[in-house]
Structure formats: structure tokens, C-alpha cells
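Below is one structure, written out as C-alpha cells; comments come after it.
Atoms within a ligand are numbered from 1 in the order they appear, just like the ligands themselves. Note that the coordinates shown come from a computational prediction; the quantities given were computed from them, not determined experimentally.
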Amino acid sequence: MNSGTTDQQLRGATLSESADSQYLVVSNREPYRHDRDGTDITVDRPNGGLTSGLDGAMRRLGGTWIAWGDGDADREVVDDENRVQVPPDADEDQYTLERVWLSEEEQENYYLGFSNRVLWPVCHSALTKIESERQHWEAYRDVNQRFADTVAERVDEESVVWLQDYHFGLAPSMIRSQTEHDPAIAHFWHIPWPGPDAFRACPHGEEILRGLLGNDLLGFHVDRYCENFLRCVDELIPMATVDVDAGIVHQPDGRLTVRSFPLGVEADRIQKQATEAASHDRFKEFADEHGIDADGMLALGVDRLDYTKGIPERLQALERLLEEQPNLRESFTYVQVGSESRSEIPAYEQVQAQVAEAVERINDRFGTGGWQPVVYETGYVSNETLYALYREADAALVSPIRDGMNLVAQEYVAAQAEGPGVLVLSEQAGIHDRIGDDVLSVTPQNTDEFASAIHEALTMSDTERERRMTTLRREIQRNDLESWTEAMLDEIAVVDASRNGR
Ligand code: GDG
């Protein structure tokens, strides 16, 4: 796979030259949301994850972040060009947030439609979940065009456009054809990319590929997805010449570099918060509220309730474990934090019902007067409580059927301190490519193997836990969110410089 040009001088020169230039980040979700609370307007700020990482970078670099304005007071605070300075406190470094408005019909068809009923299942190779409707595609095209028009109005020769994710598969080429300026365009695709066999099932797949070929740089989490993307282009776009080993697509009017940038988490911040003295109190509060024996063994799962996350498979493995290991009864609890997601889509509604039924079945089957084997929390859990749960859990169960990267596995590692836990991880998570040697690997659908792995995690010696976690922690700290942002910005600068020099 292409390792990119690493000429440090070139990077340094280009980055400093571009320090004043205009960065334009484009994402579906906005970093700051204004909402009405009686007569007041509240501001929802990024509180962790990718958005706060990118927010930090934008505060440093300056520029404009273009996103869908979905807060109910968003329109009240923007100027006549839909722009507002963020963060709201003028003493902090600020940048511009430019909002794009979507009608309810557009949200339905572009977001819940083509993005999440076509591209999401295709990219996760969940081909039986694809539901394609003409109005979904039309709205996806129109919304991509609207974002492209907004970007085109802001760009000049110096601009660096950085798009996020699968909501904008068409926008790169649209931006290119919309402006006579020649901005650098980079894109990070946060979910997997399937091989050509699966991708052929994608309605309008060729148009999506042509859209993405408008980029100068396209990033995925791991090399496998880069290779899959390049093979799709090779098979489906005859005009393009693909060099899979170099990670380059040559086209008559330009060149696309495809590279992996494994996304990390804010490891230091998570570690600090998880190990603060108050963290244990947070855990105690959660345990008391849910009737958990704080001294018993604890395993944890944290997921959006999505059919790709393998939650029913995990519950099946836990049920098998409780059948085979009666000694765990009354001394072990599994906590599932499951935030509702995209429930308007039938496939999501189904998995949510399936999870609720399995939890009830397991608790009916094994629970006693004073003990429930599964605690199911569907409400939003604060970062403080989440990190406290990570810190206390003897094992984390992360078992996606397919997952671009998976941040939960990394957050769990980041939150460990003395007496660490064990990570049980599906081979299908992108992060497995990086840390597979020090986790207990599972195929989520292999119930017996999965149940044995959970048992092994709960009974592993302290020395072995410590040994594995030391290596994992080092890896997660070394490749954190900041290093991901820097690596992408550096590579954008390199690609931009080589473009200008050609
Ligand atoms: C996509 C890709 C890729 C969840 N519930 C609560 C909560 N969370 C936070 C977790 C974690 C995040 O949500 C979920 O991240 P994942 O990586 O697991 O998954 P996706 O949402 O599917 O994200 C994925 C990611 O993009 C980034 O590129 O890794 O592969 O599918 O940060 O902590 N946080 C809090 N309370 C909750 O109840 N505080």
C-alpha cells in the first residue's frame, strides 16, 4: 500500500505556507448546536470523539466548518450567510461554522435513505439490508450538490477542503466542477469499503466511485479498505488506471492518492478522567442505581444499537457462558450501554427489539431475587460514568460483525490503570488489524468460541492481563486522535504540494 511521500522539508514548507490559508471541513453533523431552552439559547459543544478532535484542529488552524444545522435555535444565531463564530466565547481561538439547512424530507431521504439504507449496508457488506428508492438517491445527489455549492462559494486556490464520511460520496467531483479554482480536496471515509463483489450490489455505485475520484486524497482506517476501494475502481471505472501497490489512481485530469490513517482516541484525556478519584464514586452510583454488586465480576459493552455491532451474537455467547459456568451466577454482571440509533429504519428497529428480548430472556432464565446477569442501559451515559465503567470492567466485549475502526475498544484500553481488564475483540473491527496480538480475538457468530473467550478473560491471571494491557495502552497512546489529525493534515499538504508541482 502507498506509504505516501515523506519528504519532511516539503511537509514543513507546505504546512507553514498554508497556515493562513483556508481550511474547509465538511461533515454531516455540526460541532456546535444551538438549542432553545425557554428564553435562553444553549450551546451544545463537542464533548469527546472525532468532533472534538477536529474542533481542536480547526481552532488551531482557523477556517470554516460546513455542516447541517439541526439545532432548533441554529437559525437564530447565524448571520445572513448562515455563518456563526465558534466556540461562542470570543476569548478562545475561533473559526467559522457555516450551516446548511435540510428539509425534513431531505433528512428522511438523504440521511435515513441513501446514506443509511444503501451506503451503510453496502460498505458493511450487509447486502440483504439494502433498500433502494429513487427519492433517496435524488435527495442524496441534491444535498451533496448543496454542500458542494456552499464549498465552491468559499474556496480559492489556497483552500484545503476536508470532507468527512459516507454522506458526501458525490461532493468531491461536484466541488471540482463547480469552481474554476483548484482547491486541494481530501476525504476521510469512516466506515469499511467492501471488495468489488459486494460493491457491485450498490445502486448508483459507479456514480459514487466517480464522485470520490474528485478527491486528491482519500483516507480509510486500514489498508484492507484502501485495497478494496482501488480494486472497485479498477473493475468499474475503465477510464482510470489503478496502481494498487502504490495506492494511486491515475485519471486523465488528475491523480488520487488512497492511504490508510487509523483513527485514534484522546487517550490521555480519557486516562486522566478514568483514573480521577471521583471516577470510582461515579461507578458506585451507577452500580447502586442498577443493583450491581460493585465487588463482583463485570463485563461491559458500549454500542450504538446498530445491526453491524454484533450485540445479539454477544448476548447469545453470554447465555452460553451462563449455561456452562453456573459458578458465575450471582457473581458476574454484564452491562450493556446501548444508545438508540436510526430507529426509523426497520432493520434498526428489528435489532433493537431483538436485543431487548434477549436481555429479558437471559434475565428471566438465570436471574435470582437479588441478581440480574444483564443490566441494559438505553439512556445516554455521561462521559464521566462511561469512563468509570471502562475503568472498573474486568472485560470489554466488542464484537462487531463488521466495523470501520471501533472507538469503544480504544477508549476501554485508554481508561485502564492498575489491575487492568481484558479486551475481547472481533476480528472484523478495523482496530483488530492494529492490536489483534494482545486481545482475545473472536468471530462473533461462533458462539462457543466467543463464550470461551469471555470465560478466559474473566479468569486470566493478573500478570497476563498486565502484560497484554501494557502493550495495548502503548499502542493506543502512540496512535491517538491528535496523531491521526496531524497525519492527515501532513499528507494533505504533501499531496497538495506534489499537485502544484506537476
Ligand atoms: C463510525 C464507524 C468508526 C456510545 N454510547 C455512548 C457514547 N458512545 C460513544 C462511544 C464511542 C462512540 O460513541 C461510538 O464509536 P464507534 O467507533 O464504536 O462507532 P460508530 O458510531 O459506528 O462510528 C466506526 C467511527 O465512525 C470513527 O471513525 O470507529 O467504525 O462505524 O466514542 O464512547 N458516549 C457516551 N455515552 C453513551 O451512552 N458518553
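For Val337, every heavy-atom contact with ligand 1 shorter than 4.0 Å involves the side chain, none the backbone. Proximity of Trp120 to ligand 1, defined as any heavy-atom pair under 4.0 Å, is confined to the side chain (atoms from C-beta onward). Contacts with ligand 1 closer than 4.0 Å are made by no heavy atom of Tyr412, backbone or side chain. Both the backbone and the side chain of Met405 come within 4.0 Å of ligand 1, counting heavy atoms alone. Heavy atoms of Asn406 found under 4.0 angstrom from ligand 1 belong to the backbone as well as the side chain. Looking at Leu407 against ligand 1, both its backbone and its side chain come within 4.0 Å, counting heavy atoms.
Between Phe450 and Leu318 the shortest side-chain heavy-atom distance does not fall below 4.5 Å. Side-chain contact between His204 and Phe114 is present, with at least one heavy-atom pair separated by less than 4.5 Å. Using a 4.5 Å heavy-atom threshold, the side chains of Trp120 and Tyr307 count as touching.
The nearest protein atom to atom 35 (C) of ligand 1, hydrogens excluded, is given as Val381 O, 3.2 Å; this is a heavy-atom distance. Ranking protein heavy atoms by distance to atom 21 (O) of ligand 1, first place goes to Arg304 NE, 2.9 Å. Of the protein's non-hydrogen atoms, Val408 CG2, 4.4 Å is the one closest to atom 14 (C) of ligand 1.
Near Leu263, with a cut-off below 4.0 Å to any heavy atom, the atoms of ligand 1 are 27 (C), 28 (O). Contact atoms of ligand 1 toward Tyr390: 33 (O) (distance under 4.0 Å to a heavy atom of the residue). Heavy-atom proximity to Gly404, at under 4.0 Å, picks out these atoms of ligand 1: 30 (O). Here is the list of ligand 1 atoms found below 4.0 Å of a heavy atom in Leu386: 33 (O), 34 (N), 35 (C), 39 (N).
With distances taken over non-hydrogen atoms, the option nearest atom 30 (O) of ligand 1 out of Val302, Asp303, Leu481, Asp403 is Asp403. When the heavy-atom distances from atom 20 (P) of ligand 1 to Glu411, Lys309, His190 are ranked, the shortest goes to Lys309.
The neighbour count for Glu92 CD, taken as heavy atoms of other residues, nucleotides or ligands under 6.0 Å away, is above 12.
In this structure, Trp484 has its ring center at least 6.0 angstrom away from the ring center of Phe261. The six-membered or imidazole ring of Tyr23 lies away from that of Trp162, with a centre-to-centre distance of 6.0 Å or more.
Judged by a 6.0 Å distance limit and a 45° cone about the ring axis, Arg402 is not positioned over the six-membered ring of Tyr225.
For the pairing with Arg314, the side-chain contact (heavy atoms from CB on, under 4.5 Å) check across Val442, Asp303, Thr447, Val424 returns one residue only, Asp303.
Comment: Arg282 does not engage Glu276 in a salt bridge, judged by the lack of any side-chain N to carboxylate O separation of less than 4.0 angstrom. A salt bridge links Glu106 with Arg146: the closest approach of a Lys/Arg side-chain nitrogen to an acidic carboxylate oxygen falls below 4.0 angstrom. For the pair Glu319 and Arg361, the salt-bridge criterion is met [side-chain N within less than 4.0 Å of a carboxylate O]. A salt bridge does not link Arg224 to Glu227: none of the charged side-chain nitrogens sits closer than 4.0 Å to a carboxylate oxygen.
Atom 37 (C) of ligand 1 lies below 4.0 Å from at least one non-hydrogen atom of the protein. When distances from atom 32 (O) of ligand 1 to the protein are checked, a heavy atom turns up under 4.0 Å. Within a 4.0 Å radius of atom 24 (C) of ligand 1, the protein contributes one or more non-hydrogen atoms.
Judged by the shortest distance from any of its heavy atoms, Asn383 lies inside the 4.0 Å radius around the atoms of ligand 1. Ligand 1 has no atom lying under 4.0 Å from any heavy atom of Glu377. Taking 4.0 Å as the cut-off, Ser339 counts as a neighbour of ligand 1 on heavy-atom distance.
A side-chain donor-acceptor contact under 3.5 Å links Asp74 to the backbone of Asp70.
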